[in-house]
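Step one of this worksheet: look at the structure below.
The chain is numbered in sequence order, starting from 1. All of these numbers come straight from a predicted model, not from anything done at the bench.
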Amino acid sequence: KTVQEQQELATVFGQEAFFIVGEIARAKTRPYELGQLQKQYAERYLELKGREGRGEANTGELAELRRMEAPGSGLSPENAKALVARGEAEMAKGRADYEAWKEGGSSKVVLHALVGAIQASFGGAPAAAGAAGAGVAESVRGMTEGLSPELQQWASVVIGGAAGAIAGGGSSAGVTAGAASGLTGEQFNRQLHPSEVSRIRTLSQGDPLKEARLTAAACYLIKCSAGI
């Protein structure tokens, strides 16, 4: 194969393989995250109900409470307490998988490193550099969660390239392979598989009230209170 054909093969493989890893990770982390949303949703309802009872709720909070208590929601203080317990149980049940497959989790890092190694090999670059770039970039993704997609991509390029340089003995091929695998993992894994929780954190921009409202909205869409 020509160099161009090798690079094209490496690119296509990386895109497809990192996407599949993202699908696996989402399936593994979703039960925990849904439990987390259930718990936060019910706790928000109980907080608003308490504020209403004490006469402390403002107009916006009362409107939010009325939306949560809309016909068919099934929410009441008693049911909300049961929903908190159910959410906590789901979180406990899914915690091990979540920790292993979340951004920066050990299982996800291992698969990223494996895909990065194969991607680099297909492109004629050092496999160790591709593995290091993809693995290290994934291992620190929890630290870049609040950044914009563009900055997340730049961080993956820089971190992956630095790791690839070390693993590749300082060669330019190692830098390129590490940067490429780090970036591809970012673009075709995390950015194509954002979780409800991470989207809420990004959109709320550190505002607790906005985060609570977005959590309630997300729970409404995925029917957190179904079955209570």
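Closest non-hydrogen pair, A80 versus A42, comes out as O-CB, 3.3 Å. The two residues E43 and V84 make their nearest non-hydrogen contact at CG-CG2, 3.8 Å.
No option in K108, E138, E23 other than K108 meets the side chain to side chain donor-acceptor pair (under 3.5 Å) test with N189. A salt bridge (charged side-chain N to carboxylate O under 4.0 Å, His left out) with E61 is found for exactly one of R66, R67, R51, R54, namely R51. Of the candidates K81, K39, Q38, R86 forms a side-chain contact (heavy atoms from CB on, under 4.5 Å) with just one, namely Q38.
Looking at R44 and E47, a side-chain N of the basic residue comes within less than 4.0 Å of a carboxylate O on the acidic one, giving a salt bridge.
Cluster annotation: L62 and Y41 are assigned to distinct hydrophobic clusters (Ile/Leu/Val/Met/Phe/Trp/Tyr, side-chain heavy-atom contacts under 4.5 Å, transitive). A continuous path of hydrophobic side-chain contacts links I24 to F13 [ILVMFWY only; heavy atoms under 4.5 Å]. V109 and V136 fall into different hydrophobic clusters, where Ile, Leu, Val, Met, Phe, Trp and Tyr side chains are chained together by heavy-atom contacts under 4.5 Å. The cluster map of Ile, Leu, Val, Met, Phe, Trp and Tyr, joined by side-chain heavy atoms under 4.5 Å apart, puts I159 and W154 in different clusters. At a threshold of 4.5 Å between side-chain heavy atoms, the hydrophobic network of Ile, Leu, Val, Met, Phe, Trp and Tyr places L75 and L48 in one connected group.
Looking only at side-chain heavy atoms (C-beta outward), K102 and E33 stay at 4.5 Å or farther from each other. The side-chain heavy atoms of W101 and L111, taken from C-beta on, include a pair separated by under 4.5 Å.
If you take CG on L65 and CD on E52, they are separated by 5.0 Å, rounding to the nearest 0.5 Å. Rounding to the nearest 0.5 angstrom, the gap separating the OG1 atom in T29 from the CD atom in E99 is 11.0 Å. The CZ atom of F18 lies 5.5 Å from the OG atom of S181; values are rounded to the nearest 0.5 Å. Here the CD-CZ distance, from Q36 to R95, works out to 9.0 Å after rounding to the nearest 0.5 Å. Taken to the nearest 0.5 Å, the CD atom of E90 stands 12.5 Å off from the CG atom of L37. Here F188 contributes atom CZ and L183 contributes atom CG; the two are 8.5 Å apart, rounded to the nearest 0.5 Å.
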Side chains of residues 113-130: which donor-acceptor partners sit under 3.5 Å, not counting sequence neighbours?
from, atom 1, to, atom 2, distance (Å)
Q119, NE2, T184, OG1, 3.4
S121, OG, A117, O, 3.0

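Within a 6.0 Å sphere centred on CD of E56, heavy atoms belonging to other residues, nucleotides or ligands number more than 12.
Proximity of a side-chain donor or acceptor of T144 to a complementary backbone N or O of L147 within less than 3.5 Å is not detected. At distances below 3.5 Å, at least one donor-acceptor pair connects side-chain atoms of S171 with backbone N or O atoms of G168.
Side chain to side chain, Q191 and E186 meet the donor-acceptor criterion of an N or O pair below 3.5 Å. Donor-acceptor pairing under 3.5 Å is lacking for the side chains of S156 and R190.
Here Y98 and Y32 bring their ring centres to under 6.0 angstrom of each other.
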